[in-house]
Amino acid sequence: MAIKTHHILLVMLALTLFSCSKSPEEKARTLFEESIKPRMGNPDLYEYMQMTDLDSAYSSLSIDRNYLALKDSLKKNKTTLFDAFSKNYKAKEKKEKALEQEIKDYEDSFVPQYIGWHSIIEFRAENLFGGRQIYKADVYFNDELTKCLDWFVEAE
């Protein structure tokens, strides 16, 4: 009888320990909040709303910061009609062509790779004008759910 009681107590202890650990979604939510709140103007007004289930995440050009920086650089260096009358038109045109080639090479050599987990987290926070607004964040986590790799926020 004492052995059965001992086994039952061990099982209950094990269940208690396992029930205390956070679910993957809770870990992801905490990681996101820890990474975004320091960048907010008023982190006290952050309010979690909901999140999608965690899903496998693969790298893509739409979330590759190097690629996005190249595209942004190309936008800034586009030649315009007004540039045709400036002294450095040829140099700007040459730089634009070089950036276009660099972007094409980057796209051609890009191979998607598994990076971990992905979720979309919806939250309410203060906007630049002091009002409260709903945002959706496209969030990426490492495979072990120990680090928030990156996030992209859109206002609703």
Side-chain angles (χ1 to χ4, degrees), residues 11 13-81 83 88-156:
V11 169
L13 177 64
L15 288 174
T16 304
L17 290 175
F18 285 118
S19 66
C20 292
S21 65
K22 288 184 174 182
S23 72
E25 282 78 11
E26 288 171 331
K27 287 180 187 176
R29 177 182 165 188
T30 302
L31 287 170
F32 173 67
E33 289 174 357
E34 288 172 355
S35 67
I36 198 169
K37 279 185 177 182
R39 296 185 184 172
M40 295 180 141
N42 191 348
D44 294 334
L45 294 180
Y46 171 89
E47 178 188 340
Y48 168 82
M49 293 174 71
Q50 64 184 0
M51 74 183 280
T52 60
D53 291 336
L54 288 171
D55 197 6
S56 300
Y58 293 85
S59 59
S60 72
L61 289 173
S62 64
I63 63 169
D64 187 299
R65 292 281 183 186
N66 295 328
Y67 178 74
L68 295 174
L70 280 173
K71 295 285 274 191
D72 191 42
S73 181
L74 179 62
K75 283 181 192 173
K76 291 177 183 173
N77 288 291
K78 279 282 190 191
T79 53
T80 64
L81 179 61
D83 292 327
N88 55 347
Y89 173 72
K90 291 283 186 194
K92 192 166 183 180
E93 189 177 45
K94 187 177 180 181
K95 185 173 184 176
E96 180 183 352
K97 296 250 185 267
L99 278 170
E100 285 173 348
Q101 185 59 47
E102 190 175 352
I103 288 170
K104 185 181 180 328
D105 293 344
Y106 199 94
E107 290 170 345
D108 292 344
S109 66
F110 185 81
V111 177
Q113 303 210 351
Y114 176 75
I115 56 173
W117 299 101
H118 169 259
S119 181
I120 295 175
I121 298 178
E122 196 171 323
F123 63 96
R124 187 183 327 264
E126 187 177 78
N127 63 20
L128 294 173
F129 304 107
R132 303 221 352 133
Q133 188 168 356
I134 295 173
Y135 296 90
K136 280 189 179 179
D138 201 9
V139 190
Y140 297 86
F141 305 95
N142 68 348
D143 199 28
E144 298 81 25
L145 284 173
T146 57
K147 184 178 178 189
C148 185
L149 300 174
D150 212 345
W151 39 268
F152 303 87
V153 176
E154 291 179 13
E156 287 262 307

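Treat the numbers as computed from the prediction; the structure is a model and nothing was measured.
Here the shortest heavy-atom pairing between V153 and A137 reads CG2-CB, 3.9 Å. Listed here is the closest heavy atom pair of C148 and F141: CA-CD2, 3.9 Å. Between K22 and K27 the shortest heavy-atom distance is O-CE, 3.7 Å. Contact between E96 and N77 at its shortest, heavy atoms only, is CB-O, 3.8 Å. For the residue pair M40 and A125, the shortest heavy atom distance occurs at CE-CB, 3.5 Å. Smallest separation of non-hydrogen atoms from A28 and M51: CB-CE, 4.0 Å.
Other residues, nucleotides and ligands place more than 12 heavy atoms under 6.0 Å from the CD atom of E144. R132 CZ: more than 12 foreign heavy atoms inside a 6.0 Å radius. Other residues, nucleotides and ligands place no more than 12 heavy atoms under 6.0 Å from the NZ atom of K147.
Between Y114 and Y58, the gap from one ring centroid to the other is short of 6.0 Å.
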Inset, instruction - Before giving the answer on side-chain contact (heavy atoms from CB on, under 4.5 Å), spell out for R124 and M49 the whole-Å C-alpha distance, their side-chain angles and the decisive distance to 0.1 Å. - result: CA-CA 7 Å; R124 187 183 327 264; M49 293 174 71; 3.7 Å; yes

Inset, instruction - Evaluate the criterion side-chain contact (heavy atoms from CB on, under 4.5 Å) for residue pair F110 and Y67; output intermediate values, then yes/no. - result: CA-CA 10 Å; F110 185 81; Y67 178 74; over 6 Å; no

Legend entry - Stepwise side-chain contact (heavy atoms from CB on, under 4.5 Å) check, L74 with I103: CA-CA 9 Å; L74 179 62; I103 288 170; 3.7 Å; yes

Legend entry - Residues I63, I115; criterion side-chain contact (heavy atoms from CB on, under 4.5 Å); working and verdict: CA-CA 12 Å; I63 63 169; I115 56 173; 4.2 Å; yes

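From D72, atom CG reaches atom CG of L68 across 8.5 Å, with rounding to the nearest 0.5 Å. Distance NZ/K136 to CD1/I121: 12.5 Å, rounded to 0.5 Å. Within the model, atoms NZ of K92 and NZ of K97 stand 13.5 Å from one another, a figure rounded to the nearest 0.5 Å. Taken from CG in L45 to CD in Q133, the straight-line distance is 13.5 Å, to the nearest 0.5 Å. Of the inter-residue distances, the one linking K104 atom NZ with L70 atom CG reads 14.5 Å to the nearest 0.5 angstrom. With rounding to the nearest 0.5 angstrom, the CD atom of E26 is 12.0 Å from the CG atom of L31.
Judged purely by atom type and a 3.5 angstrom limit, T52 has no side-chain atom pairing as donor or acceptor with the backbone of S119. Listed for the W117 side chain is no donor-acceptor partner under 3.5 Å among the backbone atoms of S56. Side-chain N or O atoms of S73 include none that pairs as donor or acceptor with a backbone N or O of A69 at under 3.5 Å.
Within the 4.5 Å cutoff, the side chain of Y106 has heavy atoms near those of the D64 side chain.
Partner F32 forms a ring-ring contact (aromatic ring centres under 6.0 Å, His included) with one of F152, F123, Y135 and no other, that one being F123.
Contact check on E25 versus R29 returns no salt bridge, with no Lys/Arg side-chain nitrogen under 4.0 Å from an Asp/Glu carboxylate oxygen. A salt bridge is defined here as a Lys NZ or Arg NE, NH1 or NH2 lying under 4.0 Å from an Asp or Glu carboxylate O, and K78 with E100 meets this definition.
In this structure, a donor-acceptor pair under 3.5 Å is present between the side chains of T146 and N142.
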